[in-house]
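Note: hydrogens, waters and symmetry copies are ignored here, and every other heavy atom, side chains too, is used. Just so it is clear, the model here is predicted, and its values are computed rather than measured. Here is the naming used below: chain letters follow the sequence lines, and residue numbers restart at 1 for every chain.
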Number of protein chains: 2
Amino acid sequence: MEEIRVGGMYFSLDLSLPLYEQVLEQVRSSIAKGEIALGDKIPSVRELAQALKINPNTVMRAYQELEREQLTETRRGQGTYITSDIAKVDLIRYRVADKAIEEFLSKMTGLGFETPEIDKLLRIKRGEAHE
Amino acid sequence: MEEIRVGGMYFSLDLSLPLYEQVLEQVRSSIAKGEIALGDKIPSVRELAQALKINPNTVMRAYQELEREQLTETRRGQGTYITSDIAKVDLIRYRVADKAIEEFLSKMTGLGFETPEIDKLLRIKRGEAHE
DNA sequence: TAAGTGTATTAAGTGATATAATACACTTAA
DNA sequence: TTAAGTGTATTATATCACTTAATACACTTA
């Protein structure tokens, strides 16, 4: 899986998910991890599209979702910038995490696993010694 | 969200995911949780389709995947039965769980969370009243 | 003015999903 | 033997999400 570096971020696309979702997730991840600084400019729609060899409309879709989440601010004619408001970043981080946790626990419960065993499986997966 | 009882199992379909995936997941969950006994017969393709008001081909697709996973055995002319081999059920249970755990941890890591905080968030989520 | 921004529109193609209508081989029970 | 109920296969059709393509427009900056 080829990894492409654009504007301080790394992208790696495949066919497992919609392209716009992958772009969205990878930018969001870069922001959450602090790999790209608050207030920084991210690549233009056209630049990123060209680098990733996908259509500008597809990049647009990802960028629009980022702005809806208030993770970015767009200035017409200038470009798209990461928000400078760290509170907004944190809010999104926890909101997305909360959803992931909910889905995870729901899935495990659906498989008949309960708290102690879920914790045990998590520890095993991390390579930790168990109980 | 309407809940429909068919052949000892409960089904609840919506538009958030493909129908065949929802049917597949809900039968798998019933088996994993032991809500339906090993060796039991599950509803016929036509019966389930009629009860859920979906196309028989859609049910077929779910049933074929269940058989590929060896969670069910089909006897031509008779019907579809839950496997009697508890080892197979457990294998699938842990395989699916492992995938869920991997995806969950990967998502949380992508958001910049590490082990201690992930555990903390899990504890918080369980302390809340949900569902 | 020219180049680079974000944004909008229209058109087209592809693939997954779902439905519909039929048909066939098999099993069971009447 | 027959009829009804199984799983299974096939073909056709429709819809929708996703993606690409080609333009066009308004704005900002150098």
### Message
Looking at B:Asp98 and B:Arg95, is there a salt bridge between them, counting it only when a charged N and a carboxylate O are closer than 4.0 Å?
### Response
no

### Message
Is it the case that atom CD in A:Glu117 sees more than 12 heavy atoms from other parts of the structure closer than 6.0 Å?
### Response
yes

### Task
Evaluate whether atom NZ of B:Lys120 has more than 12 neighbouring non-hydrogen atoms of other residues, nucleotides or ligands under 6.0 angstrom away.
no

### Task
Using only side-chain N and O atoms of B:Ser44, determine if any of them is under 4.0 Å from OP1 or OP2 of D:dT6.
yes

### Message
Let's see if you can work this out: which of D:dT8, C:dT7, D:dT6 has an atom nearest to the side-chain heavy atoms of A:Glu67?
### Response
C:dT7

### Query
Ion pair present between B:Glu65 and B:Arg68, side-chain N to carboxylate O less than 4.0 angstrom?
yes

### Pair assignment for C:dA16, Watson-Crick or G-U wobble, requiring both distances under 3.5 Å
D:dT15

### Task
State the pairing partner of D:dC27; accept Watson-Crick or G-U wobble contacts with both distances under 3.5 Å, and report none otherwise.
C:dG4

### Message
Quick check on A:Gln50: does its CD atom have over 12 non-hydrogen neighbours (other residues, nucleotides or ligands) under 6.0 Å away?
### Response
no

### Task
Assign a letter to each nucleotide of nucleotides 19-29 of chain D from its 5' end: B, base within under 4.0 Å of a protein heavy atom; S, sugar-phosphate only; -, no contact.
SBBB-B-BBSS

### Query
With a cut-off of 6.0 Å (strictly less than), are more than 12 heavy atoms of other residues, nucleotides or ligands near NZ of A:Lys99?
no

### Summary
Re D:dT10: Watson-Crick or G-U wobble partner, both distances kept under 3.5 Å, found to be C:dA21

### Query
Contact class for B:Glu73 (heavy atom, under 4.0 Å): base, sugar-phosphate, or nothing?
nothing

